[in-house]
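To keep things clear, I will list the structure first and then write my remarks on it.
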Amino acid sequence: MRKNLFEKIDSKPISYLEEITRIEFLFSKDLVIGSRDLIGRQHRCTIEQYIDAFLFKNWKYRSTYLCIDEVRQDLKITERDLATAPTQEDLLAYFEFVANMLLLIKNRFNYSVFFYLNRDCLDILRENLTEVLEKINYKIVELDFDKIIIVARNENADAVAENFKDIGDKVIEYNRTILHGDIAGKREILLVLGDKFEPLRKTLKGHGFGDLESNIGFLLNSINIRHNNKEGTNKNKFVVSAKPEELEKWYDTTYELLLLAFLAVTYINKKTEIDNLKAIIAKK
């Protein structure tokens, strides 16, 4: 059966190079920002040029970088770096950088008689970033006024972050691609989630989730998360001999089980409300 135009567009395989090239044009080549000097002369620049000249040095997450080019070179996301066979990791790193720069424009652009901006270009940039990420099952998360991260979509993580806002950022951050292979980074997050889990253990055990509660406690205490299981009194042979990728797999399992525990507590709380509602209705 013949595919119509829209089916052909929707079924087209994603090309990392093509998508990066489109974003790079809109961000670094298209002259979409205009200005007028005091005597009325007009000048035009790209989004990247404007940010570099007026916004970047005041970005609180710039570390010690002095310009955008330094960041792009260190992250290996210059136009030259991305020109040949970019990987998904390359695309995600570049998109995360561009998304943060767009956040600077969104929050800090100086709309005045001296500067004007083609907002359609900004909208297209954001739409392209979002649509490409959706196709590869990722999404943009705005953590604060100046910080955006890109994370893998995880419905359980979204639900936990919504219901446990004090650990929401950590729950979402665990799914960042940059943490892949970063056992120390994952361990830090699991410690935070483990601390949140600890006072909930009694509730879980008392409502039929004893196995889940026990297994999470075992993992937190036995695979070099809460304790040094490589040496000393808590040493065990598995952790000593485990390859990094094997240990990381168990860290990911611990994370997923913690999400289930937090969701279980949410259900327990809702169940109490439902039981109360049942009692009220039964009286009538």
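Side chains are part of it too, since the values below use all heavy atoms of this structure and drop only hydrogens, waters and symmetry mates. Please read these numbers as outputs of a predicted model, since none were measured by experiment.
A salt bridge between Glu24 and Arg72 is present, with a side-chain N of the basic residue lying under 4.0 Å from a carboxylate O of the acidic one. Using a cutoff of 4.0 Å between basic side-chain nitrogens and carboxylate oxygens, Asp182 and Lys186 are not scored as salt-bridged. By the 4.0 Å N-to-carboxylate-O rule, Glu246 lies too far from Lys249 to be salt-bridged with it.
Considering Leu257, Asn163, Leu200 as possible partners of Phe262, the one that fulfils the side-chain contact (heavy atoms from CB on, under 4.5 Å) test is Leu200. Evaluated for a ring-ring contact (aromatic ring centres under 6.0 Å, His included) with Phe109, the options Tyr50, Phe54, Tyr116 yield exactly one hit, Tyr50.
Taken together through direct or relayed side-chain contacts under 4.5 Å among Ile, Leu, Val, Met, Phe, Trp and Tyr, Tyr138 and Leu17 form parts of separate hydrophobic clusters. Cluster annotation: Ile77 and Ile140 are assigned to the same hydrophobic cluster (Ile/Leu/Val/Met/Phe/Trp/Tyr, side-chain heavy-atom contacts under 4.5 Å, transitive). If you chain together hydrophobic residues whose side chains sit under 4.5 Å apart, Phe164 and Val151 never meet in one group. Connection of Leu55 to Leu31 is not established within any shared hydrophobic cluster, with ILVMFWY side chains joined at heavy-atom distances below 4.5 Å, either directly or through further cluster members. Both Val98 and Ile33 belong to a single network of hydrophobic side chains, linked directly or stepwise wherever heavy atoms of I, L, V, M, F, W or Y lie under 4.5 Å apart.
More than 12 heavy atoms of other residues, nucleotides or ligands lie within 6.0 Å of CD in Glu245, so this atom counts as buried by the packing criterion. Crowding of His180 atom NE2: a count of heavy atoms from other residues, nucleotides or ligands under 6.0 Å not exceeding 12. For Leu117, the CG atom is densely surrounded, since the number of other residues' heavy atoms within 6.0 Å is greater than 12. Other residues, nucleotides and ligands contribute only 12 or fewer heavy atoms inside 6.0 Å of the CZ atom of Arg119. Annotation for Lys12: atom NZ counts as buried by contact number, over 12 foreign heavy atoms lying within 6.0 Å.
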Acceptor/donor pairs from residues 187-199 side chains to any protein atom, 3.5 angstrom cut, sequence neighbours excluded:
unit_1 : atom_1 : unit_2 : atom_2 : d
Arg187 : NE     : Asn224 : O      : 2.9
Arg187 : NE     : Ile225 : O      : 2.9
Arg187 : NH2    : Ile225 : O      : 2.8
Lys196 : NZ     : Asp166 : OD2    : 2.9
Glu198 : OE1    : Arg226 : NH1    : 3.1
Glu198 : OE1    : Arg226 : NH2    : 2.8
Glu198 : OE2    : Arg201 : NH1    : 3.3

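Of the inter-residue distances, the one linking Glu89 atom CD with Ile178 atom CD1 reads 9.0 Å to the nearest 0.5 angstrom. Atom CG of Asp69 sits about 8.0 Å away from atom CD of Glu48, to the nearest 0.5 Å. The distance from atom CG of Leu263 to atom CG of Asn156, rounded to the nearest 0.5 Å, is 5.0 Å. If you take NZ on Lys230 and CD1 on Ile223, they are separated by 12.0 Å, rounding to the nearest 0.5 Å. Remark: Asn228 CG to Asn236 CG distance equals 10.0 Å, nearest 0.5 Å. Rounding to the nearest 0.5 Å places CG of Asp10 at 13.0 Å from NZ of Lys8.
Between Asp81 and Tyr94, every side-chain heavy-atom pair lies at or beyond the 4.5 Å cut-off. At least one side-chain heavy atom of Ile47 sits less than 4.5 Å from a side-chain heavy atom of Val32. Using a 4.5 Å heavy-atom threshold, the side chains of Leu259 and Asn154 count as touching. Leu104 has its side chain within reach of Trp59: a pair of non-hydrogen atoms, C-beta onward, lies under 4.5 Å apart. Within the 4.5 Å cutoff, side-chain heavy atoms of Lys139 are placed close to those of Asp158. With contacts defined as side-chain heavy-atom distances shorter than 4.5 Å, the pair Leu91/Ile136 qualifies. Two residues are said to be in side-chain contact when any heavy atoms from C-beta on lie closer than 4.5 Å; Leu133 and Leu92 meet this criterion. By the 4.5 Å heavy-atom criterion applied to side chains, Glu7 and Met1 are not counted as neighbours.
When all heavy atoms of Ile148 and Glu96 are compared, the closest pair comes out as O-CG, 4.0 Å.
In this model, a donor atom of one side chain and an acceptor atom of the other lie less than 3.5 Å apart for Tyr61 and Asp144. No side-chain N or O of Asp275 forms a donor-acceptor pair with one of Thr272 less than 3.5 Å apart.
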(request) Decide yes or no on side-chain hydrogen bond (donor to acceptor under 3.5 Å, both in side chains) for Asn269 and Thr266, but give the supporting numbers first. (result) CA-CA 5 Å; Asn269 293 335; Thr266 301; 5.8 Å; no

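Classified by interplanar angle (parallel below 30°, tilted 30° to 60°, perpendicular above 60°), the ring pair Tyr267/Phe209 is perpendicular. Between Tyr255 and Tyr174, the two ring planes are parallel [angle under 30°; tilted spans 30° to 60°].
For Tyr65 and Phe56, the distance between ring centers is not under 6.0 angstrom.
Annotation: salt bridge (Lys or Arg N to Asp or Glu O under 4.0 Å) contacts of Glu79 (sequence neighbours excluded): Lys29. Evaluation of the side-chain hydrogen bond (donor to acceptor under 3.5 Å, both in side chains) rule for Arg62 yields no partner, not counting sequence neighbours.
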